[in-house]
Amino acid sequence: MKKLNPFLIDKYIICALKEDMNSGDITTDSILKNENAQINLIAKDKGIIAGLDVFERVFEIIDSNSYFEFNFSDGDEVNKSDLIGTIDAKASAILKAERTALNFLQRMSGIATYTKKMVHALGSCHVKILDTRKTTPNMRIFEKYAITLGGAYNHRYNLSDGIMIKDNHIDAAGGIRNAVDRVRSANPFVKKIEVEVENFDQIKEALDAKADIIMLDNMEIEDIKKACKIINKRAIIECSGNISLENIKNYRDLDIDYISSGSITYNAGVLDLSMKNLKIY
């Protein structure tokens, strides 16, 4: 499994550490000096583990000599009471990094766990689940990585990463055709153009404009079936809008290519994890 590059994630981790400890840890600094310690990382619930490399990196930024031994890898399922691994480091570093490291790991694991449930609930071999830009500010790189560990796929990373003409773009341009023409004239031919539509007239307009991807937004299942017949393989079809764990199974047999769901980030909780049994040595 590809890991996140420290060059890309360190600035976010450092900001999180500064948020939790802007001028030292007055409790830990009063109790400990240079003692070494070992502590266990334990699962308190069942789920998919995600973000062990991020977890490691939090400790390494405080103590470069930190050592980790894990019994699981990113993407593995853990059960309640499983010993995920052990951390050896300066005792002060363990206590200072503990909450920040767990915050990253629990959030990422919660998203991977919820995503896996969504994938299983869909139960389709031909429809892929995509994430959205509905992510926690400054956590996107971590959350999108966690989504892939849960078995889903990344949509565009940000506004610079892909072309998506949404309802407000259409209103601003005076119609789908105008919006597509303007985007096409301003960008290289290798960039695919996605258009969000809400009704059959907009589908026909998007097809006439030769959009590469048509997103069917907030459409009922029966309307999606009709839309697929209208499109008839002339564009990639993506469905979006209030698709959740509770209703995603309704989309499994549709003639579509992708489902994008903000639910896999904003409805995901955290996986309960704990660091216990600190031993000074």
Side-chain angles (χ1 to χ4, degrees), residues 1-2 47-48 50 74-77 108 110-135 140 143-158 161-166 176 180 189-200 202-268:
M1 178 63 64
K2 184 179 179 182
I48 304 300
D74 273 358
D76 288 347
E77 183 175 272
M108 293 173 71
I111 289 173
T113 300
Y114 189 85
T115 301
K116 180 69 76 173
K117 291 178 181 178
M118 288 275 282
V119 171
H120 284 167
L122 177 62
S124 172
C125 60
H126 75 279
V127 183
K128 291 182 171 62
I129 300 176
L130 305 172
D131 58 22
T132 69
R133 287 169 41 246
K134 294 176 182 177
T135 55
R140 183 170 295 174
E143 293 181 352
K144 280 185 170 281
Y145 172 70
I147 283 160
T148 64
L149 292 173
Y153 298 82
N154 296 144
H155 205 290
R156 59 178 178 164
Y157 182 76
N158 57 28
D161 193 41
I163 298 167
M164 181 187 290
I165 299 172
K166 299 174 71 67
I176 289 175
V180 171
F189 73 93
V190 294
K191 289 283 188 182
K192 288 186 177 181
I193 299 173
E194 180 167 6
V195 179
E196 178 185 279
V197 301
E198 298 174 343
N199 55 58
F200 298 133
Q202 287 187 332
I203 291 172
K204 293 172 183 176
E205 192 176 354
L207 288 171
D208 289 342
K210 293 183 168 49
D212 301 293
I213 307 165
I214 295 178
M215 176 196 281
L216 307 177
D217 188 43
N218 282 300
M219 283 192 177
E220 299 294 333
I221 296 297
E222 291 305 313
D223 287 339
I224 293 172
K225 291 178 181 178
K226 293 176 184 177
C228 290
K229 291 179 180 179
I230 293 170
I231 296 168
N232 193 27
K233 306 296 184 182
R234 288 180 286 173
I236 294 168
I237 301 175
E238 177 183 336
C239 288
S240 188
N242 298 312
I243 301 173
S244 65
L245 183 61
E246 290 69 34
N247 64 18
I248 196 169
K249 65 180 182 295
N250 298 330
Y251 295 79
R252 67 175 57 149
D253 296 322
L254 298 175
D255 193 18
I256 61 177
D257 302 289
Y258 298 100
I259 290 170
S260 55
S261 173
S263 175
I264 53 180
T265 47
Y266 62 67
N267 278 355

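When a residue number appears, it is its place in the shown sequence, counting from 1.
Here the shortest heavy-atom pairing between Leu207 and Ala235 reads CD2-CB, 4.4 Å. What you find for Tyr114 and Leu245 is that their closest heavy atoms are OH-CB, 3.5 Å. Smallest separation of non-hydrogen atoms from Ala112 and Ala50: CB-CB, 3.8 Å. Between Met219 and Ala227 the shortest heavy-atom distance is SD-CB, 4.4 Å.
Using a 4.5 Å cut-off on side-chain heavy atoms (C-beta onward), Asp257 and Val127 make no contact. Side-chain contact between Ile214 and Ile237 is absent, with no heavy-atom pair separated by less than 4.5 Å. Using a 4.5 Å heavy-atom threshold, the side chains of Ser260 and Met215 count as touching. Inter-residue side-chain proximity for Ile231 and Ile203 is flagged as met; some heavy-atom pair is nearer than 4.5 Å. Between Ile165 and Val180, the closest side-chain pair of non-hydrogen atoms falls below 4.5 Å. At a threshold of 4.5 Å between non-hydrogen side-chain atoms, the residues Val197 and Ile176 count as touching.
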**Request:** Begin with the C-alpha distance, continue with both residues' side-chain angles, and end with the deciding distance and a verdict on side chain to side chain contact (heavy atoms under 4.5 Å, CB included) for Phe200 and Asp223.
**Result:** CA-CA 9 Å; Phe200 298 133; Asp223 287 339; 3.8 Å; yes
**Message:** Working note: Thr148 + Tyr153, criterion side chain to side chain contact (heavy atoms under 4.5 Å, CB included); need CA distance, chi angles, decisive distance, verdict.
**Reply:** CA-CA 5 Å; Thr148 64; Tyr153 298 82; over 6 Å; no
**Asked** Going through the checks in order, is the salt bridge (charged side-chain N to carboxylate O under 4.0 Å, His left out) test met by Lys233 and Asp255?
**Response** CA-CA 9 Å; Lys233 306 296 184 182; Asp255 193 18; 2.9 Å; yes
**Item:** Step-by-step side chain to side chain contact (heavy atoms under 4.5 Å, CB included) determination, Lys128 to Val119
**Value:** CA-CA 8 Å; Lys128 291 182 171 62; Val119 171; over 6 Å; no
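Annotation: the span from Asn154 atom CG to Leu130 atom CG amounts to 8.5 Å, rounded to 0.5 Å. Rounded to the nearest 0.5 Å, atoms OH (Tyr266) and OG (Ser244) are 8.0 Å apart. Atom CD of Glu220 and atom CG of Asn250 lie 10.0 Å apart (nearest 0.5 Å). A distance of 8.0 Å separates CD1 of Ile256 from OH of Tyr251, quoted to the nearest 0.5 Å. Residue Ile248 holds its CD1 atom at 4.0 Å from CE of Met118, rounded to the nearest 0.5 Å. Interatomic distance, OG1 of Thr132 versus CE of Met164, reported as 9.0 Å (0.5 Å rounding).
The backbone N or O of Leu122 lies less than 3.5 Å from a partner atom in the side chain of Arg252, making a donor-acceptor pair. Ser240 places no side-chain N or O within donor-acceptor distance of the main-chain N or O of Asp217, the cut-off being under 3.5 Å. In this structure, Asp131 contributes its side chain and His155 its backbone to a donor-acceptor pair below 3.5 Å. Panel note: side chain Arg140, backbone Arg133; a donor-acceptor pair is recorded below 3.5 Å. For Thr265 (side chain) and Thr135 (main-chain N/O), no donor-acceptor pair under 3.5 Å exists by modelled atom type. Between the side chain of His126 and the backbone N or O of Leu254, at least one donor-acceptor pair lies under 3.5 Å. Here the side chain of Asn247 pairs a donor or acceptor atom with the backbone of Asn242 at under 3.5 angstrom. Between the side chain of Lys144 and the main chain of Arg156, a donor-acceptor pair closer than 3.5 Å is present.
Using modelled atom types and a 3.5 Å distance limit, the side chains of Asp74 and Tyr145 yield a donor-acceptor pair.
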